[in-house]
Amino acid sequence: MKRNSVFAVAREAMRQHSGWRRTWANPEPKKFYDVIIIGAGGHGLATAYYLGKNFGITNVAVIEKGWLGGGNTGRNTTIIRSNYLQDPSAAIYEKARSLYEDLSQDLNYNVMFSPRGVMMLAQTQHEIRGYQRTAHANSLQGVKTEFICSARVKELCPIMNIDGPRYPVLGALWQARGGSARHDAVAWGYARACSDMGMHILQKTEVTGISQKDGTVTGVDTSRGQIGCKKLGMVVAGHASVVAEMAGFQLPIESVPLQALVSEPIKPCMDVVVMANTVHGYMSQSDKGEMVIGGGTDAYNAYTQRGSFHHLEETVRALIETFPMVSRLKMLRHWGGIVDVTGDRSPILSKTPLGNTFINCGWGTGGFKAIPGSGWGFAELMAKGESPLTAEFGLDRFRVGRFIDESVAAGVAH
Amino acid sequence: MLILNCPYCGRDKDETELTAGGEAHLKRFGPGSSDQDFEGYLFGRANPKGLHFERWRCAAGCGKWFHAARCTATLEIFGTYKAQTLEPPQVIKDAITAKRPGWSWRNFS
Amino acid sequence: MSTRLANYGRLINRAKAVNFTFNGKVFNGFEGDTLAASLLANDQMLIGRSFKYHRPRGVVASGGEEPNALINLGVEGHFEPNARATTTETFNGLTAESQNHFPSLEFDIGAINSKLARFLPAGFYYKMFIHPRSFWKHIYEPIIRKSAGLGKAPKSRDADKYEHYYHFCEVMIVGGGIAGLQAAKSAAATGVRVLLVEQTAHWGGRAPVDGVVIDGMPAQDWITVTLADLSVRDNVVIRNRTQGSGVYDHGYALAYERIADHTPGDGRPRHRLWRVRCKQIVTATGGIERPLSFAGNDIPGVMLAAAVRDYVLNYGVSPGDRTVVVTNNDDAYRTALTLKQAGLEVPVILDARAEGGGDLMGEAIAAGIRVELGRGIAQVLGGKRVTGLQICSQAGEGAVLEEIGCDVVAMSGGWSPVVHLWSHCGGKLNWDADQAMFRPDPNQPPLGADGAGFVRVAGLANGHLRSAAIVADASAQGFAAAKAAGGTTKRVVLAKAEDFEELPLSPVWLMPQGASYKLRSKAWLDFQNDVKVTDVQLAAQEGFESVEHAKRYTTLGMATDQGKLSNINGLAVLSKSLNAEIPDVGTTTFRPPYTAISMASLAGEARGELFQPIRKTPMHDWHDSHSAEWEPVGGWRRTYAYVRPGESVDQAVQREVTNTREKLGLLDASTLGKIVVKGPDAGKFLDMMYTNMMSSLKLGRCRYGLMCSENGFLSDDGVVARIGDQTWLCHTTSGGADRIHAQMEEWLQTEWWDWNVWVVNITEQLAQVAVVGPNARKVLEKLGGMDVSADALPFMAWADGKLGGISGRVYRISFSGELSYEIAIPANRGLEFWEMLVEAGAEFDAMPYGTECLHIMRAEKGFIMIGDETDGTVIPQDLGLNWAISKKKDDFLGKRAQERMFMDNPDRWQLVGLETLDGSVLEDGSYAIATGQNANGQTNTEGRVTSTYYSPTLKKGIAMGLVFHGPERMGDVLSFTRIGAAPVKAKIVSPLFYDPEGKKSNV
Amino acid sequence: MSDREFQGYVNVKQDTGQIMFTLRADLSSTKIKAAMKLATGVAVPKRGSCQVVAGCALAWMSPDELLVMAPFAQAEKLRASLDAALSEQHVLLEDVSDARAKFILSGTHVREVLAKLAPMDTHPEKLPVGSFTRTRFAQVAGAVFLEQDDLISVICFRSVQDYVYALFCDAASYGSEVLVRE
Ligand SMILES: Cc1cc2nc3c(=O)[nH]c(=O)nc-3n(C[C@H](O)[C@H](O)[C@H](O)COP(=O)(O)OP(=O)(O)OC[C@H]3O[C@@H](n4cnc5c(N)ncnc54)[C@H](O)[C@@H]3O)c2cc1C
Ligand SMILES: NC(=O)c1ccc[n+]([C@@H]2O[C@H](COP(=O)([O-])OP(=O)(O)OC[C@H]3O[C@@H](n4cnc5c(N)ncnc54)[C@H](O)[C@@H]3O)[C@@H](O)[C@H]2O)c1
Ligand SMILES: Cc1cc2nc3c(=O)[nH]c(=O)nc-3n(C[C@H](O)[C@H](O)[C@H](O)COP(=O)(O)O)c2cc1C
Ligand SMILES: [Zn+2]
């Protein structure tokens, strides 16, 4: 594969860009792979990438029913942060965040990781205490965060209304090296790198069944025929329960729509990512100028990638209260994804009741930021049977009562 | 934006007047039950892509809990019924069969 | 030059001139103009700059599909960026500014990007700026970000008002063209309720400009008659300036009414968002004309053919003196004929079809217009304005046959039905190869609650191009919708329309067919986002084969027009590159809103005062007028502290604590949840709800109780009083009342429905005041009316009676460790009672106190607080509350959960008191540092602070926390984190810091 | 509570002259029905409606809940007769007069003002005079009683009465007429 660089672009500019090759191959499926990953979202692709890069496992297929990156990876609000409260979460999200720092170089593909800073507003006494607690926890977890005062909030984000009157901003948890990235490019960059290693990304190929022998997986049925494998990773987010059922087990997961919207593009006016959990809305400005806005999930199961309209109304009213200028903008487009929410709102990276079969799901409303770390840890789990990054995220926790509950820090988890 | 008919007050209720309550017909397991049963009760969820039975409360309304048979993929409603039952009533089952012959959900079919 | 004609202008009122400014210059127009029409009338063709290359941009369309003519509209509280000049009605005093240029519209430095275009192909970001790493953050990204966006960011607060409206009907019809009007007529005749919305200020759509005749009348007359007919019907609601914005599940639809955009400041709401619920929707949304892809098609002066016609006929504006028409279909001939009739020059019609068109072509030739068949445009000439063009053969590679001068190019690539609303909720499309368009597939409609289709499409939107077919289709669709929605009449209302015979178009996706790379790299698809034919081809070459990938890689169709002009052409280029059929490549997903709608309309009335309800206690206003520092608690506002002049909030809190401990404090406790539980099975029920045994509580007595979730975690606490043989009153936390009440109802309705228990939430019926401190009894005795002595009313008892003439219930309970009474009185007398206490208490040094004082006092006593000591992961056992967990009961909510391995575990952190060695206050949320690190390199911990305060009573920092094996480690010293400072040492002590024997409360 | 009034294109007025009781009881029981009729002189209303006799109103809240409303003057007498009539039954009767606030909307366009805030079909055929229903006004729960075609009473919780009053005043303000039915 041709290396990307400014020189490559300049050279190609002189010959009508005729030298650019495919970003990833479009191969025919083989009969058998050492590892099959179901789901070519960010997590599936990153898993495949680190299987190859860290463990030399390259006879891998990533099977995708639609177009790669078209699931939640392609429709999220791209907030990246690692200021989580609980140790296991902080570990995997910080691993991810630190990998994001060098991802463009590692993949030779600009994923536009933009550490512009993420702030989570404290608008009640309770939130102040929650975020201060997180700041303390982070200081021991190797995660750089700080609790900042409202004057500093205003300085970092001048368009914000910090005076209330309803919910004056009392301070914020600030992670300066949090930010965002170009979501599609993350999927494309990983896909390109996987394809380079000879892995197969099989798009428009739906897994419809899972075959097993003596309690161990042997392969998958797909819309393009049967494909065998030694090990299987299920990384299908909103469809986790559907695929798990093919393998004969049930998950502590509910699939619900989560929505986002963008405004029309305006000149830069906001350099940071802001999450306001009391009023429930969050916003950042993309490199193109739209305000990217998200809010809450639907309360009932659905697989529609749409969601109910009133959530958008709630989100927008919250944002107008927080950023009065939003009132005079227009909503350009809104859309939804299907997020996989677990019983304790934390992800599952685990062995399963089926032999040689692993599952990575439950990232719910907040897994984009985790993609590199999750891929790293899950690849290790699949290759070696265990990983310190994933150890606490096993399915067993729901049976024994060992939850990883992040909601305690007054937070939503985007 | 769902609209469901509340079987108690008889009104068509907008989704924003209702509270969703998750999967219906879960059996409660208390002290003495196995870890597995208890885990299933608290966390194991059918979460199907298709026909589902779920609980709703007529929150900004008569306040009553009721059940709905709904498709999670098309959002079609097959019927709503009162919550004081361990199993969907036959009329609901028939209504589903008319549209989705051969259906099954957990132990019901 | 573009100018106002002396004739024509069916939509303008020449008697009413209006003045407006553009970039500071004063222009005039007429009432009824759109801003685009007014600007063109003043020869202002250049209106803005494109997104990426800052290319000059002028008006290309005449409606909501406009990608180019976007402006900063209005000032201050009425400012709006990215307003479309084509859908902005001109009014007196309007101010507009062009966007996305520096320093000026005419001279824009950013236009250098255009010169660099070849270095900035689709996806160039992804391939560049990779090395060195730090350059991205510090150099590249800031530059990219700086050039982002189009309109200015608004600065002032919105000065307008907005509202919502819920509308119910059987049939909603979107689009007020002849199809929509006819569908409405047909549906209305069945008697069902019909809502008809039209986004523009005018009815009738394209028909009047296209010379259609219906029922023997000119279209305009038919429209007038039809509207009159509809307006008098009770069952019809019609609205113009109202866009059908989105179609959602179960017959929900949004309509966006722009009430006062053209009359700002007249006191009416600016926008109204209609939240429609209907049984059937008919979308009669017409069509959008397609541009053609030829080099230079983005130069100002290149316009859609129908738009050129609209400007002439609707507004009496001629976009130019010499217009070349380029087309692949008959409809554009109408434009040539119109221009000719208006006395303007049409040097040539270039028809890409080798065989040409039908009757309309004949008319054009008869009118003396030169028609060239099989011809196209090699390249348009000009910079900020068209100056001419080069003609080539459509079949060739662009060899120039002739150069011709002109100032407008009217292009038409055929029509695409507006299928957006059909598609929003899942309606599928068919490819109609003959007409080269996507049309709704009637067999795959969006499905409603009953599983049947609930959207139908009528007219041009349904793929019918000829008026006869359009009105026939509309009659049928309107009728079918009404029938499906319960309409009863059997009569279909028919109409008959006539227009010219037309020959089919011949699809042209690239002009000329074999255009060279150089030409293709100047052939625009997405005018706003600067996506050219070569960009889509590059995407295909690089493997972005899915149309969704190509969209995201090139940004095609992601601009403010959402690809209304560009998508179909881009899609065709993509399919060609992939050697695939157009329907196999498919479209991108259509998402609401149809065109952008104001954020403010989404919020509706919920702004300012009405942003969210504030729950107020009966004494709220008193607190407000006594300098309460507010704290939001579960929808309520509670007083955090009453800050006196010259005091800091902290000082106020200290004062309140000391005064309450030493003298007398008054707390408004009205927000406390109060739930009455009654019935033969009420005791049994409460034994399930609480971890304690409540059935055994004696009449007249109170007991502190705990509630857990089924998952075992502590969720609420409060005092329960037995107030009757079968009746209990449960107090909950302020934030918990509604939740606990709902949970009780839920268990009773869905699990134990055979138990005889009634529950009523009486939280708001009662005001509650805590009278706390050594002087508490004195002040109550002063009020008089009942015996509140220790004998008559011992600790943890309650009694009914009168105090100061007001009936109430008095509880001897204490959350502060002081002598304390909580008194519940009817809410309507709450304020009176409170003021009475303040007055009577004056001689005992009564002072009101707030929540922070309450928190400190309870912490001094080691009482837990839900939300501080608990966070959803804590079980009562962690907090040393085993005494409140009944061992006798077989079952209660959370019992089974607490038996699981990780709950029934001695290693769980447990509640202790903490005291720093130096008396300082531990930081909120601080963690106790243990030795070593875990497998992920994180420092180990052995506990954390749950509450921490400076105790004015003990004059030092006190804290509570959860610590590994804490209660067994009394006296151990731990090291606690501080932010930005070295850890601090604290000793494990009993959490009972103050009056451990409880002597003060039990007097 | 205050007596406040706003004149817009619909009039909004607070009504503080009412007492209210909540009754939890099985409304399908004939004993309960008889007892209520005896105590109040009003028949237990049908689902979704409210019955008024001589100023005393019984409103259907749910299959096991009634709202009893009467003028202040009748408070003590009514309470006594209710207690007496229901003493043998498994019921829960609570005074909620202070927990609720009531507003009266009057004018030709009352339904329209209601429709700005409540997600329900206010067409006279769907919500005839005599209807009583619980719903939502913007962000809070409430109840609606269609007393007459041009007179609606709305009931909400006491703590949010200022919000609800402001909501209706805003919706009724001149200039914001929708006039779907003129
Ligand atoms: C609106 C929205 C906003 C969000 N905002 C944020 C945010 O700001 N920050 C953040 O960190 N996270 C955010 N998230 C969450 C984040 O998007 C997800 O957690 C993350 O993208 C999940 O990635 P994934 O690879 O697991 O799943 P996906 O990207 O969904 O990939 C799963 C893939 O599996 C495929 N698949 C499913 N079933 C099958 C089958 N049977 N056969 C083959 N393939 C199959 C799907 O087609 C899909 O491509 C947001 C999510 C949404 C919806
Ligand atoms: N012969 C041809 O090639 C050709 C091509 C195009 C148009 N036409 C003519 O156009 C007319 C088509 O009639 P029609 O009624 O189907 O379409 P129309 O375009 O005349 O009317 C559609 C109406 O819907 C409105 N609309 C569109 N989207 C809307 C939305 N989301 N919300 C509210 N309003 C919306 C438009 O403003 C327009 O007034 C006929 O007169 C036909 O002759 C002919
Ligand atoms: C971070 C982000 C920014 C986006 N910006 C735009 C935008 O500028 N214009 C646009 O049309 N869509 C934008 N979208 C939305 C996409 O067009 C699309 O709706 C979304 O990826 C979901 O896909 P779908 O609508 O095809 O289902 C954006 C999406 C994301 C996640
Ligand atoms: Zn109901």
Side-chain angles (χ1 to χ4, degrees), chain A residues 4 6 9 13 16-17 20 22-24 67 70 87 91 104-105 109-110 114 124-126 129 132-133 135-137 139-142 166 184-185 264-269 287-289 309 312-313 316-317 320-321 324-335 388 400-402 405 407-408, chain C residues 79-82 118-119 121 124-130 133 141 144-145 148-154 157-158 248 517 538 541-543 546 548-549 552 560 591 596-600 602-603 606-607 611 631-632 867 871-873 900-903 924-927 935-936 938-939 941 977 979:
Chain A
N4 286 330
V6 65
V9 173
Q16 305 179 346
H17 296 281
W20 297 112
R22 300 183 63 95
T23 313
W24 51 78
W67 40 286
D87 284 351
S104 298
Q105 290 73 32
Y109 201 82
N110 190 353
S114 165
T124 63
Q125 296 294 330
H126 189 254
R129 289 194 290 270
Q132 285 176 343
R133 176 178 168 192
H136 281 279
S139 72
L140 299 177
Q141 292 157 339
R166 196 62 63 92
D184 294 318
E264 294 182 329
I266 48 168
K267 288 290 164 201
C269 62
D287 280 346
K288 261 182 69 217
F309 189 75
L312 300 179
E313 294 178 355
V316 167
R317 79 164 88 107
I320 291 177
E321 179 72 9
M325 55 91 74
V326 168
S327 187
R328 302 286 316 177
L329 303 182
K330 297 195 283 298
M331 170 169 77
L332 175 61
R333 183 177 175 99
H334 70 78
W335 65 91
V400 299
R402 176 178 45 79
D405 197 330
S407 58
V408 304
Chain C
F79 173 76
E80 176 189 346
N82 302 323
R118 72 162 100 162
F119 299 100
F124 75 98
Y125 298 107
Y126 310 120
K127 298 171 186 158
M128 294 162 71
F129 315 128
I130 296 173
R133 195 187 95 174
E141 201 200 6
I144 291 175
R145 274 174 71 68
L150 289 169
K152 276 193 209 152
R157 260 180 202 263
D158 196 332
Y248 301 84
Y517 182 86
L538 179 62
Q541 174 189 331
E542 294 191 67
S546 156
E548 297 287 6
H549 280 147
R552 287 157 175 80
T560 62
R591 294 281 189 185
I597 65 178
S598 67
M599 295 280 188
L602 268 70
R607 53 177 52 241
F611 164 58
E631 175 179 21
D871 63 1
T873 69
R900 288 171 303 186
M901 201 168 97
F902 254 78
M903 304 254 171
D924 254 316
S926 168
Y927 275 80
N936 290 314
Q938 299 168 315
T939 304
T941 54
T977 51
I979 298 291

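From a predicted model like this one, the values you see are computed outputs, not experimental measurements. Order of the sequence lines fixes the chain letters, A, B, ..., with proteins taken first and strands second; residue numbering starts at 1 for each chain.
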Taking the side chain from C:Q541 and the backbone from A:W20, do they hold a donor-acceptor pair closer than 3.5 Å?
yes
Which one, A:P268, A:G289, A:C269, leads in non-hydrogen pairs under 4.5 Å with chain C?
A:P268
Minimal non-hydrogen separation, A:G401 against C:M903, with atom names
O-CE, 3.9 Å
Relative to chain A, which of C:G867, C:A603, C:S926 shows the most heavy atom pairs under 4.5 Å?
C:S926
Pair count under 4.5 Å, heavy atoms only, with chain C: among A:T124, A:D184, A:L332, highest is A:L332
pair A:N110-C:M128: side-chain heavy atoms closer than 4.5 Å
no
Just checking, A:R328 and C:F79: is the charged tip under 6.0 Å from the six-membered ring centre and within 45° of the axis?
no
Quick one: does any side-chain atom of A:K267 pair with a main-chain N or O of C:G149 as donor and acceptor, under 3.5 Å?
yes
Test item: A:H17 and C:Y517 side chains (from C-beta on) under 4.5 Å apart, heavy atoms:
yes
Sort A:S139 into side chain, backbone, both or neither according to what part of it lies under 4.5 angstrom from a heavy atom of chain C.
side chain
Do C:T560 and A:K330 touch side chain to side chain, with heavy atoms closer than 4.5 Å?
no
Within this structure, what is the CD-CG distance for the pair A:Q16 and C:L538, rounded to the nearest 0.5 Å?
11.5 Å
When rounded to the nearest 0.5 angstrom, what is the spacing between CZ in C:F611 and CZ in A:R166?
7.0 Å
Donor-acceptor under 3.5 Å (C:N936 side chain, A:P388 main chain)
yes
Turns out that what part of C:E631 lies under 4.5 Å from chain A's heavy atoms comes down to side chain
So, the part of C:E141 with a heavy atom under 4.5 Å from chain A: the answer is side chain
Would you say the side-chain atoms of C:H549 pair up with the backbone N or O of A:W67, donor to acceptor, closer than 3.5 Å?
no
Chain C contact via A:D287 - which portion, at a heavy-atom distance below 4.5 Å:
both
Residue C:S546 versus chain A: region with a heavy atom under 4.5 Å
side chain
Please tell me if the side chains of A:V6 and C:F119 come closer than 4.5 Å, counting only heavy atoms from C-beta onward.
no
Does any N or O in the side chain of C:N82 come within less than 3.5 Å of the main-chain N or O of A:P265, such that one atom is a donor and the other an acceptor?
yes
Search all heavy atoms of A:N4 against all heavy atoms of C:Y126 and return the closest pair with its distance.
ND2-O, 4.1 Å
Heavy atoms only, distances under 4.5 angstrom: which of A:R402, A:R317, A:R333 has the most pairs with chain C? Name it, please.
A:R333
Between A:M325, A:H334, A:H136, the one whose heavy-atom pairs under 4.5 Å with chain C are most numerous
A:H136
C:R607, part contacting chain A, at a heavy-atom distance under 4.5 Å:
side chain
Just by distance, do the side chain of A:T23 and the backbone of C:G543 share a donor-acceptor pair under 3.5 Å?
no
For C:F129, which atoms come within 4.5 Å of any heavy atom of chain A: side chain, backbone, both, or neither?
both
Any donor and acceptor pair, going by atom type alone, linking the side chain of A:E264 with main-chain N or O of C:G151 inside 3.5 Å?
no
Shorter than 4.5 Å, heavy atoms on both sides: which option in A:D87, A:L312, A:V316 has the most such pairs with chain C?
A:D87
Within a strict 4.5 Å, meaning less than it, do heavy atoms of the A:M331 and C:I597 side chains meet?
yes
Report the option among C:K152, C:E80, C:E548 that has the most heavy-atom pairs separated by less than 4.5 Å from atoms of chain A.
C:E548
Smallest heavy-atom separation, A:I320 atom then C:A600 atom, equals CD1-CA, 3.9 Å
